[in-house]
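Structure, as C-alpha cells:
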Amino acid sequence: MMNWYEKNAEFNALIKQLFHDNDWQKRAEAARLLGLLKDGRAINLMCKALRTEKDHTVINKIIEALGRIGDSRATLRIVEKFEEEQEKTEIDKFRIIYIIESLIKIKDKRALPYLGLLLNSSDEDIKNLALKAFDAIEPNWKEIVKKERKKSIQEIFKSKN
C-alpha cells in the first residue's frame with residue numbers, strides 16, 4: 001500500500017506526463033492511470049487537458065478516466081466533446097460510446113438532454129447505450145416522459161436540472 005506522499009508524487013508525475021509528454025502513448029497511459037487513481041483533484045486538470053489535447057486516442061482515454069473518477073464536475077466538459085462530435089460530418093462511434101459510458105458512471109442529470117439526441121439513433125449500439133444511460137441516470141425517465149408527452153426529451157430534462 002502506497003503512503004500519501006508516494007500517491008501524491010505519482011499523481012503529480014502523471015499530471016505532468018499528461019500535459020507535457022511528447023509521446024501520445026505516454027499521455028494516454030497517464031490519463032488511464034489517473035482514472036484508476038480515482039483522485040478528485042485530477043478532475044479540473046483533466047478537463048483542461050480535454051480542451052487542449054489534440055491526439056484522438058488520448059482524448060478518448062481522458063473521457064474514459066473522467067468517467068472512472070465519477071465526479072459531476074466533468075459532465076459539462078464531456079458534453080462539450082459530445083457536441084463537437086455531433087458537428088462533424090463523420091461521427092466517431094467509438095468516441096460517442098466512450099462519452100456515453102463515462103456519463104453513465106458520473107450519473108449527472110445535466111447530461112440527459114444531450115443523451116436524449118441518441119435515443120433515436122440509427123445505430124443500434126449507440127441507441128441501446130443511450131437507453132442504458134437514461135435508466136442509470138434517471139430510473140423514472142419513461143414515466144416522466146409519459147407525463148410530459150407534449151414536450152421533447154430535451155425540453156423535459158433541461159428544465160429538471
Side-chain angles (χ1 to χ4, degrees), residues 1-88 91-119 121 125-141 154 157-158 160-161:
M1 188 82 181
M2 270 195 278
N3 69 32
W4 183 86
Y5 293 103
E6 290 166 334
K7 269 191 174 156
N8 201 46
E10 182 187 11
F11 173 84
N12 290 332
L14 289 171
I15 290 291
K16 187 177 176 204
Q17 188 175 325
L18 178 65
F19 278 95
H20 302 293
D21 206 295
N22 292 325
D23 182 345
W24 68 268
Q25 290 167 309
K26 288 184 178 163
R27 292 195 311 277
E29 182 62 6
R32 189 183 77 77
L33 292 170
L34 283 163
L36 293 172
L37 282 179
K38 294 186 176 175
D39 188 329
R41 293 179 300 163
I43 295 292
N44 292 338
L45 291 163
M46 291 181 81
C47 284
K48 185 178 168 196
L50 194 54
R51 205 174 237 169
T52 57
E53 181 58 56
K54 300 286 181 254
D55 184 86
H56 191 78
T57 305
V58 179
I59 290 168
N60 288 348
K61 288 295 174 196
I62 293 170
I63 292 168
E64 186 179 31
L66 286 167
R68 193 169 268 141
I69 296 169
D71 188 311
S72 64
R73 288 176 294 166
T75 302
L76 298 178
R77 180 68 58 243
I78 293 170
V79 161
E80 194 177 88
K81 278 291 168 203
F82 173 74
E83 288 183 307
E84 282 173 26
E85 200 55 47
Q86 294 294 316
E87 288 166 15
K88 292 180 182 171
I91 292 175
D92 177 349
K93 178 179 174 174
F94 294 104
R95 165 84 37 92
I96 297 295
I97 288 171
Y98 275 114
I99 288 169
I100 301 169
E101 287 176 343
S102 282
L103 292 171
I104 287 172
K105 289 176 184 149
I106 294 171
K107 289 184 171 51
D108 184 340
K109 289 186 168 103
R110 293 176 299 173
L112 293 176
Y114 304 95
L115 292 169
L117 300 169
L118 303 174
L119 291 174
S121 175
D125 297 333
I126 288 177
K127 184 178 172 175
N128 290 333
L129 204 51
L131 286 166
K132 183 180 168 191
F134 265 82
D135 290 340
I137 298 168
E138 177 56 81
N140 302 324
W141 74 274
Q154 284 72 25
F157 291 104
K158 259 204 169 64
K160 297 250 178 268
N161 298 327

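With rounding to the nearest 0.5 Å, the separation of CG in L117 from CD1 in I96 is 10.0 Å. Interatomic distance, OG of S121 versus CD1 of I100, reported as 8.0 Å (0.5 Å rounding). Atoms CD and CD, on Q86 and E84 in that order, are 11.5 Å from each other to the nearest 0.5 Å. Put simply, CE on M46 and CD1 on I78 are 9.5 Å apart, with the number rounded to the nearest 0.5 Å. The line from CD of Q17 to CG of N12 is 12.5 Å long, rounded to the nearest 0.5 Å. In this structure, CG in L103 is found 10.0 Å from CG in L129, a value given to the nearest 0.5 Å.
Between F82 and L118 the shortest side-chain heavy-atom distance falls below 4.5 Å. E10 has its side chain out of reach of E6: every pair of non-hydrogen atoms, C-beta onward, lies at least 4.5 Å apart. Using a 4.5 Å cut-off on side-chain heavy atoms (C-beta onward), V79 and I99 make no contact. Inter-residue side-chain proximity for F19 and K48 is flagged as met; some heavy-atom pair is nearer than 4.5 Å. No side-chain heavy atom of I137 sits less than 4.5 Å from a side-chain heavy atom of K132. Side-chain contact check for N140 versus E138: some heavy-atom pair is nearer than 4.5 Å. Side chains of L34 and F11 form a contact here, defined as non-hydrogen atoms less than 4.5 Å apart. V58 has its side chain within reach of I62: a pair of non-hydrogen atoms, C-beta onward, lies under 4.5 Å apart.
Counting all heavy atoms, side chain and backbone alike, L18 lies closest to A31 at CD1-CB, 4.0 Å. Contact record, L14 with A30: O-CB, 3.5 Å, taken as the closest heavy-atom pair. Here the shortest heavy-atom pairing between I106 and A74 reads CD1-CB, 4.2 Å. Of all the heavy atoms in R73 and N44, the pair that sits closest is NH1-ND2, 3.7 Å. The two residues I63 and Y98 come nearest to each other via the heavy atoms CG2-O, 3.6 Å.
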Would you mind writing out the side-chain donor-acceptor pairs for residues 35-42 within the sub-3.5 Å range, not counting sequence neighbours?
unit_1	atom_1	unit_2	atom_2	d
D39	OD1	R41	N	2.9
D39	OD1	R41	NE	3.2
D39	OD2	R41	NE	3.1
D39	OD2	R41	NH2	2.8
R41	NH1	N8	OD1	2.6
R41	NH2	N8	OD1	3.1

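Under a 3.5 Å cut-off, the side chain of R110 and the backbone N or O of S72 do form a donor-acceptor pair. For E85 (side chain) and D92 (main-chain N/O), a donor-acceptor pair under 3.5 Å exists by modelled atom type. Looking only at distances, no side-chain donor or acceptor of S102 sits under 3.5 Å from a matching main-chain atom of L66.
Under the 30°/60° scheme for interplanar angles, the aromatic rings of F134 and F157 are found to stand perpendicular.
If you run salt bridge (charged side-chain N to carboxylate O under 4.0 Å, His left out) between E53 and each of K61, R27, R77, only R27 comes through.
Contacts of Q25 classified as side chain to side chain contact (heavy atoms under 4.5 Å, CB included), with partners at least two apart in sequence or in another chain: D23. Residues that satisfy the ring pair (Phe, Tyr, Trp, His ring centres under 6.0 Å) test with Y114, not counting sequence neighbours, are absent from this structure.
Note on K26 versus E29: no salt bridge recorded, every NZ/NE/NH1/NH2 to OD/OE distance being 4.0 Å or above.
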